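So the structure is just underneath, and the comments pick up after that.
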There are 2 protein chains.
Amino acid sequence: MTQSILIEPAFDRLLQVAVEVFAECGFREATVREICSRANVNVASINYYFRSKEALYAQALAFAFQEANRLYPLDAVLDKGLPPEQRLTLFIGNFLHKLLDDSHLGLYSKLIAREIADPTKALDEIIETAIIPQFSLLTEIIQQILGAAADKMIVKRCLLSIFGQCLMFKHSRSIIDRLYPELIANDPAIQACAEHIAQFSLAGLTRFAQPQKRPIP
Amino acid sequence: MTQSILIEPAFDRLLQVAVEVFAECGFREATVREICSRANVNVASINYYFRSKEALYAQALAFAFQEANRLYPLDAVLDKGLPPEQRLTLFIGNFLHKLLDDSHLGLYSKLIAREIADPTKALDEIIETAIIPQFSLLTEIIQQILGAAADKMIVKRCLLSIFGQCLMFKHSRSIIDRLYPELIANDPAIQACAEHIAQFSLAGLTRFAQPQKRPIP
DNA sequence: GCTTGTATTAAACAGTTGTTTAAAATAATT
DNA sequence: AATTATTTTAAACAACTGTTTAATACAAGC
């Protein structure tokens, strides 16, 4: 059988298909036979190229994160010259689009969200490489807004408030799709949600902001 | 073999254990043998008392919701005499404690959260009986705070902002446990989180509040 | 005491899972 | 061209899945 269409080697095809299937079904529900079938390779190939289903999953997870970062760079957010309010708005917009994108790239965040909601052994690496950098970046922005003297616990809670608003759209997608589909119907609607979260959060942050001009007596 | 300790009939034991196991493992990963083993009944009992594993799951889900509502009544929140800001604070406190309770009752919300994150056929009933009433209640409170003329889309987005902040603690529990365990270490800490969300949200809502005193020109 | 209806049991069913094997096909090297 | 190494294959493996069966134990009713 000649398959002139697919010129990619089996290894790459397996990795790409694995991201798709694991994102759709989760680690446990995904079957090696389904992955191999979609990748047009023999069932034994996974154990040949990767050591096991588990090892394939770990590699797929790392690959997904790498791709998500490549397709959604945080360049503007990293610019410390910008005012923190603007950086927060950019951060939220970037994050939400990353989460809600329904094209191929949406799979990456879906895979990661799945791992967070239902952790496997692979979670530890995900936290180190994917979560902590995002948390650090947002922490820095929040601290700039609240003031350097801000209580550490308050900063953490504000961080969770902001991430929580964004992740709601990912974790409770099934409900939003049924009750409020118009909120995420198209790209402008998603952009409106991002702006809402930014404004809601900025107003919320002011509640906890330190007085900026006065030095501590 | 005499089992004088367990006097409950097999049916009740199965239902109770099913909630535990489904909450821990999810529907697909949970096995009938594990459930039956823990309930000290034969494997065939599930198909005898309930029709199938799927039917048992549906019943367990309904039972969990019923118990969660019985143990965490919303009486105070339902009191329309109270100022909406206070009702919001009560609502958030109730919801967060419901979510984070690690005792037996915590399983109920875990089971429901699992169903939302990874829906099965049973989701539709959950939405009708569990989600919509909660959404309606919070919608009413938000509308009171924002003013009757508030834009419907804004109300919905604010609703998601508040629920998102609460659900963050459930859906991303694995991360919080590792990065910020002190935030949910004990009951006062959880209470502090609830108050934070309430204050953060009240401040956020003011950003979208309609001018209350002036009638529309 | 016998019969009827319910409850419980061990065993087997048919299907699926991840993984391994050993042979065949293909590619690379000498 | 012959030899080596790599890739691909079909088949089988053992373990596990939800479900069914048919035999047994137990209780209640007459």
Side-chain angles (χ1 to χ4, degrees), chain A residues 1-61 63 111 114-115 118-122, chain B residues 1-61 63 111 114-115 118-122:
Chain A
M1 188 212 299
T2 52
Q3 289 243 235
S4 55
I5 301 166
L6 300 170
I7 51 161
E8 312 169 79
F11 182 92
D12 292 341
R13 253 180 302 145
L14 265 177
L15 197 55
Q16 201 144 337
V17 170
V19 172
E20 291 177 26
V21 179
F22 282 133
E24 282 176 29
C25 314
F27 171 71
R28 288 146 178 133
E29 184 72 3
T31 70
V32 297
R33 280 172 176 81
E34 172 70 16
I35 295 171
C36 291
S37 165
R38 288 205 213 173
N40 272 92
V41 300
N42 189 272
V43 256
S45 300
I46 283 183
N47 298 83
Y48 178 76
Y49 284 109
F50 312 83
R51 197 182 62 263
S52 62
K53 179 191 179 185
E54 204 169 19
L56 171 63
Y57 179 71
Q59 282 219 214
L61 216 47
F63 177 67
L111 187 54
R114 221 177 237 289
E115 175 62 29
D118 203 8
T120 69
K121 290 182 197 164
Chain B
M1 190 210 301
T2 52
Q3 291 242 236
S4 55
I5 301 167
L6 300 170
I7 52 161
E8 312 168 80
F11 182 91
D12 292 341
R13 254 178 303 146
L14 266 176
L15 197 56
Q16 200 143 337
V17 169
V19 172
E20 290 177 26
V21 178
F22 282 134
E24 282 176 29
C25 314
F27 171 71
R28 287 145 179 135
E29 184 73 2
T31 71
V32 297
R33 278 172 177 81
E34 172 70 17
I35 296 170
C36 292
S37 166
R38 288 205 214 175
N40 272 92
V41 299
N42 189 271
V43 257
S45 300
I46 285 183
N47 298 82
Y48 179 74
Y49 285 108
F50 310 83
R51 198 183 59 261
S52 62
K53 178 191 180 186
E54 204 168 20
L56 170 62
Y57 179 71
Q59 282 220 214
L61 215 48
F63 177 68
L111 187 56
R114 222 177 235 293
E115 176 63 28
D118 203 7
T120 69
K121 289 182 197 164

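Side chains included, hydrogens not; waters and symmetry mates left out as well; all remaining heavy atoms used. Here the structure is a predicted model, which is why all the values come from computation and not from measurement. Just so we're on the same page: letters track the sequence lines, and every chain starts at 1.
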Nearest atoms (heavy-atom pairs only) where Val19(B) meets Ala60(B): CG2-O, 3.8 Å
Stems involving DNA chain C, each a run of at least 3 consecutive Watson-Crick or G-U pairs under 3.5 Å: C:1-5 with D:26-30, C:8-13 with D:18-23, C:15-23 with D:8-16, C:25-30 with D:1-6
Per-nucleotide protein contact string for nucleotides 19-25 of chain C (B base, S sugar-phosphate only, - none; heavy atom under 4.0 Å): BBB----
Separation of atom CG in Leu14(A) from atom C1' in dG18(C), rounded to whole Å: 15 Å
Gap between atoms CZ and P, on Arg28(B) and dT16(C) respectively (whole Å): 16 Å
Interatomic distance where CZ belongs to Phe22(B) and C1' belongs to dG18(D) [whole Å]: 11 Å
Sugar-phosphate, base or nothing in reach of Ala55(B), heavy atoms under 4.0 Å: nothing
Sugar-phosphate only, base, or nothing, as touched by Phe11(A) at under 4.0 Å among non-hydrogen atoms: nothing
Value in whole Å for how far the P atom of dG18(D) lies from CD of Glu29(A): 11 Å
Touch class at under 4.0 angstrom, heavy-atom based, for Phe50(B) against every strand present: nothing
Phosphate contact (dT8(C) OP1 or OP2) by Tyr48(B) side-chain N/O below 4.0 Å: no
Main-chain N/O of Phe27(A) paired with Lys53(A) side-chain donor or acceptor, under 3.5 Å: yes
Check ion pair Glu24(A)-Arg38(A) (N to O, under 4.0 angstrom): yes
